Each structure stands twice: as structure tokens, then as C-alpha cells.
Amino acid sequence: LFVLGSITAALLALYLRGPTFNAESLKGSRVLVTGASTGIGEQVAYHLAKAGAQIVITARRGNVLEQVVKKCMTMGAQKAVYIPADMSEASDPEKVVRFAVEQLGGLDYLVLNHIGPSPFAMWDGDVEHTRWLMQVNFLSYLQMAWKAIPTLEQSKGSIIVVSSVLGKMCTPFVGPYTATKFALNGFFGTMQHELAMKKSNVTVSICILGLIDTDSAMEKVRGYTNMTAYPASEAAWQIITAGVTRQPEIFYPWYAYYSGLFKDWFPFFRDMVIRGFYHYEP
Ligand code: NDP
């Protein structure tokens, strides 16, 4: 009984720790990271740089990207270049993929991470903003993925989609944002099936994140909730791990998995708990 218990405990510990890999395997890898001027995307770039990868980063602000690229080079990146682009522009997503493939001579990983700014507030009926956010947070992901697939096919590469617990369950104050994340989970979940059925070399990893301590997220939730925020650097490492180990879906932090698992069991209790997380006076 003791031996059986020990083996079960060891297997559980291994499962909870999640997949691991040797960072050496990233050396020379060709990676395009979007939304890499700040936050989680910036941390993804730094992890890749330390591992000696070749990186193209993008976001709107060229001056900020330039600083990130400089830091990546000092950290050990084999190559680091940037391209300013606005994902709300119809032609920018494909332009960025073309640029990355030219610069890197191919592509091993496409990390889709950017989001457009969106208010943390009750929805005020602004359909135009929702339409704009759909282009930035959702449609541009499809454009980039589709453009990159032929190149990723040659390198047995991966598309990594950064999504959210808010693409799995509904909470207040994030209507347009949550809509884009539900759309991402649905679309790229379908793409996983289709690539597998086509026997494609390309995998898609969807990363489901809870609250992460980036400046933009902290600014939004300040005054609304006291929920614990988890470190962006660790979230970034989990995102890279998902792609390298070709996991279809990963969750960070731990509660991201369980909230999705139990959310439909007791809907009344769930909604009471969710609303209890936020301070709001009508
Ligand atoms: P940030 O707001 O810190 O970063 C967003 C990035 O996107 C920036 O680099 C920004 O740079 C870029 N960006 C904004 N608008 C555009 C645009 N129109 N075109 C191109 N790039 C743009 O976000 P986080 O790091 O917090 O989040 C990163 C990812 O993690 C997102 O997908 C988010 O949904 C997900 N996530 C985050 C959570 C959190 O709590 N932080 C929780 C769950 C998921 P610039 O302004 O220079 O364009």
C-alpha cells in the first residue's frame, strides 16, 4: 500500500509540475513574438534571448521595441530585430510574418500574444470598439497564423496562442475582451483538429492564463479586486514550454485549470463567487 501510495504521489507531482524541456533546444530557434514591447510578450522575448534564439518582435511603438531588442542582444540572443506594426490595420499582420520569415530565413515558433487596449468597465454599448478589438485580438491572429503555416510546415513548427481564463468563463467588466478570447479558443481549437486531420507538421498550443502582474492588467483591476496576480516572467516561460513541448493546451497559474473544470457544476454558486470578487457600487 505504501509503495502504491508513493508511486501515485510521484506521478501526481510530475503531472502538476507539467512538461519540461532543455532550454538548450531553443538555441538558434527562429521565433516571431507579437505584443513584445511590454508585459508578457516582453518577458517571452527575454527568455528566448537568454536561450540564444533568433527573435523578431513586434508591437506599435518602435522606440520601445528598439530598447527590448537591445536588451535581448545583451542577454544572448543570436539575432533580435523588430518591426513596428498596428494589428488593427488589415495588411499589417501578414506584413509582419513576411518580414520575420525574410529576416530569419524561416520560422519555428509563432507566438501570438498582443492585445489592444480595452476599458475595464461595464459595457457602454460601443459596438465600434468591439469591432476594432475583434480585428486586433482575434482576426489578426488568424491572418498571421494562416500566413505562417506553410513556413511552419517546413520546420515542424508551432503556433502559440496566448489566451485567458476569460475565454473560458464569463466575468463582469470585460465584455469585448472576453468575446475576443472566446473567439480565439473556439477558432484555434478547431484549427487543432483540422491540422491533425490533415496530418500537418504544425501544432497549435493554446495558453489559458489567469491574472498576471503586468502593468496594464494591474492598472485595470486596481480598486476592483484583490485577486492575487502571478508573475509575468513565469507566465512567459509556461507559454514557451507549451510550444516547445507541443501541448495543445496549458494553464497558468494552477487555478486556471480548475476554474474551467468546475465552472458548470454549480452555476449559481459560481456566479456568486465571481461577483463577490469585485467591488462595485451602482
Ligand atoms: P500588455 O498590455 O502588457 O501588452 C500588450 C502588447 O500588445 C504590447 O506590447 C502592446 O504594445 C501591443 N499592442 C497593443 N495594441 C496593439 C496593436 N493595435 N497592434 C499591435 N500591437 C499592439 O498585455 P499583457 O502582457 O498583460 O497580456 C499579454 C497576453 O496575455 C494577452 O494576449 C492577454 O490577453 C493575455 N493575458 C493576460 C493576462 C494578464 O492578467 N496580464 C491574463 C490573461 C491573459 P504597443 O502599445 O507598443 O503596441
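Not measured: the values here are computed from a predicted model. Read the numbers this way: they start at 1 and go in the same order the structure lists the ligands and their atoms.
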Is the shortest N/O to N/O distance between [X] and ligand 1 below 3.5 Å?
{"X": "Leu209", "result": "no"}
{"X": "Ala59", "result": "no"}
{"X": "His114", "result": "no"}
{"X": "Ser163", "result": "no"}

(request) Tell me which protein heavy atom sits closest to atom 18 (N) of ligand 1, plus the residue, atom name and distance to 0.1 Å. (result)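 So the nearest neighbour among protein heavy atoms is Asp86 OD1, 3.0 Å.
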(message) Checking side-chain polar atoms at under 3.5 Å, does His279 have a donor or acceptor matched by the opposite partner on Thr225?
(response)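 Judged by distance alone, the side chains do not pair up.
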(message) Less than 6.0 angstrom separating the ring centers of Tyr224 and Tyr280, yes or no?
(response)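 No; Tyr280 has its ring centre 6.0 Å or more from that of Tyr224.
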(request) Run the ring-centre check on Trp237 versus Phe21 and record whether the distance is less than 6.0 Å. (result)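 For Trp237 and Phe21, the ring centres are under 6.0 Å apart.
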(message) Taking only non-hydrogen atoms of Lys181, do any sit less than 4.0 angstrom from ligand 1?
(response)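 A heavy atom of Lys181 does come that close to ligand 1.
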(message) So, 4.0 Å and heavy atoms of Pro84: is ligand 1 close enough to count as a contact?
(response)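 The answer is no, since Pro84 has no heavy atom less than 4.0 Å from ligand 1.
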(message) Name the residue from Ile250, Leu184, Val162, Asn185 that meets the side chain to side chain contact (heavy atoms under 4.5 Å, CB included) definition with Ile206.
(response)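 Exactly one option meets the side chain to side chain contact (heavy atoms under 4.5 Å, CB included) with Ile206, and it is Asn185.
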(message) More than 12 heavy atoms of other residues, nucleotides or ligands under 6.0 Å from CZ of Arg275: yes or no?
(response)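 No - once you tally the heavy atoms of other residues, nucleotides and ligands closer than 6.0 Å, there are 12 at most.
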(message) For atom 36 (N) of ligand 1, which of the options Trp132, Tyr177, Tyr141 provides the nearest non-hydrogen atom?
(response)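 Looking at heavy atoms only, the winner is Tyr177.
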(message) Does the plane of the ring in Tyr258 sit parallel, tilted or perpendicular to the ring in Trp254? Use 30° and 60° as the thresholds.
(response)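 The rings of Tyr258 and Trp254 sit tilted, inter-plane angle from 30° to 60°.
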